[in-house]
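One structure is given here, and the rest of the page talks about it.
Note on naming: letters A, B, ... go to the chains in the order of the sequence lines (proteins, then strands), and numbering restarts at 1 for each one. Everything quoted here is computed from the prediction, not taken from an experiment.
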Amino acid sequence: MDIEQLKPEDFKSDQMVRWCAGCGDHAILSSVLKALPQLGYKHEDVVFVSGIGCSSRFPYYVNTYGFHGIHGRAMAVASGVKTSNPNLCVFVITGDGDGLAIGGNHFIHLVRRDIDVNLILFNNRIYGLTKGQYSPTSKQGSVTKTSPFGTIEQPFKPGGITIGANGTFFARTIDSMPKISTEILLEAAKHKGTSITEVLQNCVIYNDMTFGDITDRDNRDDRIIMLKHGEPMIYGKNQDKGLMMKDNQIHVVKLGENGISDKDLLVHDAHTEFAGIHLLLANMDYPNFPVALGVIRACESAKSYDVKMTDQIEAVHGKSKIHSMHDLMHSGSTWEVK
Amino acid sequence: MDIEQLKPEDFKSDQMVRWCAGCGDHAILSSVLKALPQLGYKHEDVVFVSGIGCSSRFPYYVNTYGFHGIHGRAMAVASGVKTSNPNLCVFVITGDGDGLAIGGNHFIHLVRRDIDVNLILFNNRIYGLTKGQYSPTSKQGSVTKTSPFGTIEQPFKPGGITIGANGTFFARTIDSMPKISTEILLEAAKHKGTSITEVLQNCVIYNDMTFGDITDRDNRDDRIIMLKHGEPMIYGKNQDKGLMMKDNQIHVVKLGENGISDKDLLVHDAHTEFAGIHLLLANMDYPNFPVALGVIRACESAKSYDVKMTDQIEAVHGKSKIHSMHDLMHSGSTWEVK
Amino acid sequence: MSKQAKVIEIEEVAIRFSGDSGDGMQLTGTLFSDTSALYGNDVSTFPDYPAEIRAPQGTVGGVSGFQVHFGHTQINTPGDYCDVLVAMNPAALKANFRWVKPDGIIIYDVDQFDAKNIEKAGYKSDPFEEEDVTGIQLISAPISNLTKESLKDIGLDQKSILRCKNMFALGIVSWLYDRPLEHAVKFFNTKFAKKPILVEANTKVLYDGYYYAETIEAFTSNFKVKPADIEKGVYRSINGNQAVAWGMMAAAEKADLQLFCGSYPITPATGILEELAARKDLRVKTFQAEDEIAGICTSIGASFAGSLAVTTTSGPGLALKGEAIGLAVMTELPLVIVDVQRGGPSTGLPTKTEQSDLMQALYGRNGESPVVVIASSTPSNCFDYAYMACKIAVEHMTPVILLTDGFLANGTEPWKIPDLNDFPEIKVPRVERDTKNWQPYARDPETLTRTWAIPGTPGMEHRLGSLEKMNITGTVSYVPENHELMSHIRDQKIQKVAKDIPPLEIVGDEDADLLIIGWGGTYGHLVTALTEVRREGHKVALAQFNYIFPLPSNTSEVLGRFKKLLVCEINLGQFANYLRMQHPEYPYRKFNKIMGLPFTVKDLTEAIVKNLED
Amino acid sequence: MSKQAKVIEIEEVAIRFSGDSGDGMQLTGTLFSDTSALYGNDVSTFPDYPAEIRAPQGTVGGVSGFQVHFGHTQINTPGDYCDVLVAMNPAALKANFRWVKPDGIIIYDVDQFDAKNIEKAGYKSDPFEEEDVTGIQLISAPISNLTKESLKDIGLDQKSILRCKNMFALGIVSWLYDRPLEHAVKFFNTKFAKKPILVEANTKVLYDGYYYAETIEAFTSNFKVKPADIEKGVYRSINGNQAVAWGMMAAAEKADLQLFCGSYPITPATGILEELAARKDLRVKTFQAEDEIAGICTSIGASFAGSLAVTTTSGPGLALKGEAIGLAVMTELPLVIVDVQRGGPSTGLPTKTEQSDLMQALYGRNGESPVVVIASSTPSNCFDYAYMACKIAVEHMTPVILLTDGFLANGTEPWKIPDLNDFPEIKVPRVERDTKNWQPYARDPETLTRTWAIPGTPGMEHRLGSLEKMNITGTVSYVPENHELMSHIRDQKIQKVAKDIPPLEIVGDEDADLLIIGWGGTYGHLVTALTEVRREGHKVALAQFNYIFPLPSNTSEVLGRFKKLLVCEINLGQFANYLRMQHPEYPYRKFNKIMGLPFTVKDLTEAIVKNLED
Ligand SMILES: Cc1ncc(C[n+]2csc(CCOP(=O)(O)OP(=O)(O)O)c2C)c(N)n1
Ligand SMILES: Cc1ncc(C[n+]2csc(CCOP(=O)(O)OP(=O)(O)O)c2C)c(N)n1
Ligand code: SF4
Ligand code: SF4
Ligand SMILES: [Mg+2]
Ligand SMILES: [Mg+2]
């Protein structure tokens, strides 16, 4: 089959999709299915790797190679797949528990190494599969099965963690905005190096409406901002709000008030290596700020880890006289017994 | 013994110190011994917890309670010690391998939870104890036993990781500046919440002079900047250099040139919750920037995790009618067989 | 309540409620079983959850079941096969038909047996033709429509109305087995205190179901199961996870220690953590860690700091904790590790039961790293063994692994609330305040236990760690002879726990040829099978092990009394292998099942009879 | 080279070089042993590193030793006790005196035996009075001063001059055992190619040491150890870690697969990773992961992607890998896990050797999770067993655990460079390109092996995972009967590996009463003890196991031929227990040491003789 002609349906597997009706995972699946034919990879060259969690069932539903690992280890398994064969297009599917609780270390080390895989973090701020315990992204105070009196923990911001680990790509989208999700996933896939895409995902069963504030259609546009590289940071139903920088902090301003015009606003520079501003943008939270969606950070990475590994091997191989076990075993100090 | 009268020697244990002659760990030990009597804790209320590594031998040399754990788990063990008994003053001693390789996940979760422990990260950019393999903080290109052709990995910046995990306190010092180290450690100990202090430490045997650029006495002052809250960012042997902010990036400037005066410089605000600038400061690296020492970030934390845990327990306890197993077992649905 | 039909007295009944995940079968079953327990029957229940991920509605994968077994005599299992199956849709029938007794009753919601649902369930034609229903009494009840009818004027939306249909089913079954309705009504009143309309709706539907059964002539008789002859006392219903949590809390109270649990959620163990997290009124500290390793390591830290520290998990989590268990062995700190076993290997069958972590519990660590291993054998005795695990851990300064399983964890039974005064004291081997020249690794000569000095205690500052320790002083030691000595001491220290554990007892015929051997969660099924085989006139005995390492001191003597030893386990034979190692003097026969399910009494009786014969 | 003293021919000699960590003893020993090997002797060496952390100079904790055992006959161990001890300071004497033969020689640097050093070493008075040196020949040599004297005009600083003193010692010993000096000189020329002054200095000191020994009249004779009768061929010296690395590389070359190693450094296994990392010329991919879990998981990913994937570690790391090994079991992917055993439990004795991870290798995972376990038994046959581990892993699509230990890892011996053509082929069970309707879990009926479809292969897209798999299709399955079937298939699949492994062979007397049983790294000591006991006229045989699970098919038959079975291990009896489980038909005696050290031949011969008698 010609790659050009592949359609989203071609990437659907024959497995029955088993998420709860109304779960945000369904929408993410369809966003991914839409993106896949546009990547320019054949089925057989795409691999989906996941851990354990509701979200981690994802690979079963895509008609590519897939690996449903153990809890928290998707990042490590995917690192092995990609460095073993850099020609593959590798996706990691993980949840806020899988990727940031038990898998947190592999997450930051994947990002640090900058291996060219595309990670999609299904953030529903809850452990779905195990039926509703709080996760490292649960809002402080969340009442869950293991926090009947409310959690006492500060949540992680996945963007913060990514940027803190020297991440070169971070983007955010919402399950209920599938078109935008597809666009972002395409940009993520294009990025050479590790791309992290956080999808705010609703778990209807155990954490319904955790993102209600910012997904509610009536108020949504006043509470989120879509960042686009090179464009000023304007948002609001009436495009009347903006973000400004003062005293090394971001401030929400009203256009027109106090003589503020769009010239005064921050212009989004997703490409700068200086991550201070990306950190501030990624950490913005409602109600003090709008929540940033879109590609927040997308630096050129010099070269991804998997490519550097191959390059180094070829360079050494080229220079060495040892090209077989026979060469090696007979190199250096040997002696003959006659 | 009256706490007031304790001297550094009183905190020395009777164990022979077994680090290599010339190892930076010796100096750090003496900085800590100097700080200890000033903390206002009695011996018996101080606990040192470590993992495995050269640095992790530390607890044996301090005459307090101590726990030399397993590789990478010091942060978790210490979390248990402190939440179990918040009256204890708990230190974590870890290395760049122990704390950021195998222990990376516990590191970021400790920071996220903001448990009131003081972590000292001995960063020598190498695995010392296992005799010289690269670590997650080794400079890219480092030739070590496991990277005979140079590493291909970007190193972590411990400050970045801390700030990315919502850390409330991060400071940096150098083994060879023991006075400053003691001062910083005292500030770290005062901080309510997790404090992370990175000590740049020389491993004479396996990574000698890895910080040579910035520790060399002749050039040091032109290559490091001591940050002090509320003070403008001036540095240099002749106090003629400074840091300015432009376009959301930090720039090195020369005082007097282009009409720049100390009024134009950044003034260090360690207390702001907006971490963008702290991230930039913590990530500065020679030769493009001076390396920042001192307390880079020290926010008020609302309340540390261990205190919140106790508070919640007392609140629930106060309201409940159940105060013993007998109460509990006879609560709710029971029936009597007569 | 008056009724016309003939009342038949019977000994015991098993009823399986089953329907879609959203149909409320767990609640239905629980109300029925509580009612029966209140009424005075002995009861055993077991929920059969669908696999972790929700399957689409109406499919077999999405069926949720709950079996209640109650009787006038002692009830030790939830029953293999059921007398009554309540099937709320075709998928429920499909999933459970194999469990219906040949002369059983199937009550089904005929309104849900439409073409679409029949197909979703994977039937090609009429389900009652595809399944062989000869001998089975089929009760076709229009449950959905009658529920709608019943509530049409009440002022609820259609979806909420249909949510009540499980109560119609409960009403039918309540009539059939002559159960009072008060308990359920009381439950509605508490649960829906703030939504009186729901109290009214559920109550109405429940009664309507009851009257429906009384009215239609489908049932020729109803049944009466007289109260069991149960020990006097105050009872409550308890499942294994709750019992573990409470047993540990009881131990903490008796030992006057703070209970600390560092843990990470994992099916089917999460319930223990959840139960403990809810008990802040008893000042239990729970620490939901970032992973299993942090779970155990925070607990080791808490133990060092003087808490009664526990960590809870299932198989994959126990694998992750292996290295840190070794740390607790080396530092000789008290620690209880609870492993609620599930189907393996790897993620395996996460919601299913199995006994395949025995070897892992015994040996899943580097080096010679002995720990005490014990196993509970009924949902409610999880309380006792959790208590004992804590007692041994503290008194012997050692890690203890407590094995339960998915079957015990979720199974419930009535539990006579104990008087904690009857429980043995827990003596904490804390250093006396004024001990001079205290040595961290000095030992009690009898038990080889060291003493516990807790941070905050002046003058006892010391350092523990994972490197080999010098005996007595506890400093780091690489001395070859010391390592050999310490290896033997650690081994002996655990062996000496045997003095504190009760002798192995047998149930059944002392003079039998065949001894059935079980361990842990299979007790209910084994004892039921034993009873049946004996009832048929055979001689046979049962030894159920709760203490695995060390084994009870009289083990060899007991085993030696029988000609044939048959080890029955839900795995491929781990305990049999272990017995071979410990007591190679006897030959062992094996009976194993490994289907993610408890034994069936039927399979067991067959196996026993077969082994009696050859 | 001419010399006057009497030359005595002897069969074999053991020399221990020992000094402070900074004294260059490892190099000295290596040069001596290489020279002996070049000369044609059989050689075995073992370094005795200080514990991981450097102890202060001059203390016993800081002593570094290197023992060389060489001979005219076959040499199987580095020797328990040494004929010559070279002690560069009092601490070296203190640490090693116990290993000197009663009629041995001690050569010591008298310049270092000053009051300060004597005290640091922990002696209270004159060391040669504190130790019982009766019968021992003491050679007091002013090594430091003569080195200074020798190099005083060469133009080096004092520190660099003193660094050469190990070569003076080497010179002395070289004269004593009539070793040529060329090899060492050649080594200096390569090593210091860029610093000719160091070539000159080391060469001069070496010769001066040699002449010193020749000149002084301390030695009444020197010795000649004639070349051994060694198989013809090209040889090199190899240690166990290097041999493991090379064996895996050889397997990758034969199988035409890319070798991938995901690993995390840990003593004493790190050498394997280091060796592989250096072999980018052979396109080996090494991934130094953030921890052991990531080490194995990257390798599992690489295996899924079609590499020959391995991971290397020691005991604590194996504990961490347990959960992921289960994943490889469930996904039925090839994977080799190397565990270089060290002293446990926990961090234990990290630089010392032990055989205590056997049970962990067999059972350290949740669920019924069988993997192949094999063990190598000499430094050089680590090559062969690493090769076989890879072959079995690939051909049977299974994880294989290869056990070595700290003794094998660091011990060296001459190795006849093999011809890879003589090694068996490795058949990769890859799916044929055009297979129609390929099923991921369809199996070869003989071996029960599934086939390997590698990402990038069109038409074979499939999904693997950690949940229970449906046989043949490989989809997720919760069907009870399938789980039982798969549990048995996974077990049988490993059992069937027995067909591919060679039968167990015995060394020694077929008609003996006593069979000594060993496994893994104890071979050299056991066979040496066997030879000694037989030389004394006793009949005895040895069976050394390399294949642990499954056991060779003729195991029971072999064991059955002997009246007494004595299992010797460096642990508390794990293999003996395992044999009890597998072959309960025989009684086993045990001989165990657990001191962080290899057996001594002396202890073994005593134990054997004792067991012969009773
Ligand atoms: C080693 C191990 N620990 C714990 C679990 C139990 N477990 C499975 S998924 C999960 C968390 C799922 O949360 P998340 O990753 O957020 O995924 P979601 O279900 O919310 O999509 C947990 C704790 C496991 N399977 N394995
Ligand atoms: C589970 C486990 N894995 C690996 C090791 C081996 N190991 C011990 S310390 C260490 C790294 C030490 O590096 P670092 O933390 O930077 O400490 P340093 O020695 O440099 O102070 C390693 C890999 C171990 N002891 N345990
Ligand atoms: S439990 Fe939540 S996350 Fe999981 S499938 Fe259902 S709705 Fe989705
Ligand atoms: S090896 Fe390096 S870090 Fe370790 S004690 Fe020696 S100098 Fe210090
Ligand atoms: Mg989640
Ligand atoms: Mg380090």
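- In this structure, the side chains of B:His68 and C:Arg463 stay at 4.5 Å or more apart for every pair of heavy atoms.
- If you measure heavy-atom distances from C:Val284 to chain B, the contacts under 4.5 Å come from the backbone alone.
- No side-chain N or O of B:Ser79 forms a donor-acceptor pair with one of C:Thr298 less than 3.5 Å apart.
- Side-chain contact between C:Arg236 and B:Ser331 is present, with heavy atoms from C-beta onward closer than 4.5 Å.
- B:His71 is not listed as a side-chain neighbour of C:Ser466, based on a closest heavy-atom distance of 4.5 Å or more.
- Look at B:Glu314 and C:Arg283 and you find a salt bridge, because one of the NZ, NE, NH1 or NH2 atoms lies within 4.0 Å of a carboxylate O, short of that distance.
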side-chain contact (heavy atoms from CB on, under 4.5 Å) between C:His183 and B:Trp335, intermediate numbers included:
CA-CA 11 Å; C:His183 174 71; B:Trp335 67 91; over 6 Å; no

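- Taking the side chain as every heavy atom from C-beta outward, C:Lys254 and B:Met325 never approach each other to under 4.5 Å.
- Between B:Phe67 and C:Ile300, some side-chain heavy-atom pair lies under the 4.5 Å cut-off.
- C:Trp415 has its side chain out of reach of B:Thr334: every pair of non-hydrogen atoms, C-beta onward, lies at least 4.5 Å apart.
- Using a 4.5 Å cut-off between heavy atoms, C:Met460 touches chain B through backbone and side chain atoms alike.
- C:Ser299 does not touch chain B: none of its heavy atoms, backbone or side chain, sits under 4.5 Å away.
- With respect to B:Lys42 and C:Glu461, no salt bridge is recorded, no charged nitrogen being found less than 4.0 Å from a carboxylate O.
- Residue C:Glu253 touches chain B through its side chain alone, counting heavy-atom pairs closer than 4.5 Å.
- Of the listed residues (C:Ser307, C:Ala305, C:Pro455, C:Ser237), the greatest number of heavy-atom pairs within a distance under 4.5 Å of chain B belongs to C:Pro455.
- Of the atoms belonging to C:Phe260, it is side-chain heavy atoms, and not backbone ones, that fall under 4.5 Å from chain B.
- Looking at C:Pro227, there are no atoms closer than 4.5 Å to chain B (heavy atoms on both sides), in backbone or side chain.
- Counting heavy atoms from C-beta outward, C:Phe383 and B:Met329 have side chains that approach closer than 4.5 Å.
- At a 4.5 Å heavy-atom cutoff, the contact between C:Leu464 and chain B is made by backbone and side-chain atoms alike.
- Neither the backbone nor the side chain of C:Asp419 comes within less than 4.5 Å of any heavy atom in chain B.
- Taken to the nearest 0.5 Å, the CG atom of B:Asn105 stands 9.0 Å off from the CD1 atom of C:Ile293.
- In terms of heavy atoms, C:Gly301 sits closest to B:Val81 at O-CG2, 3.3 Å.
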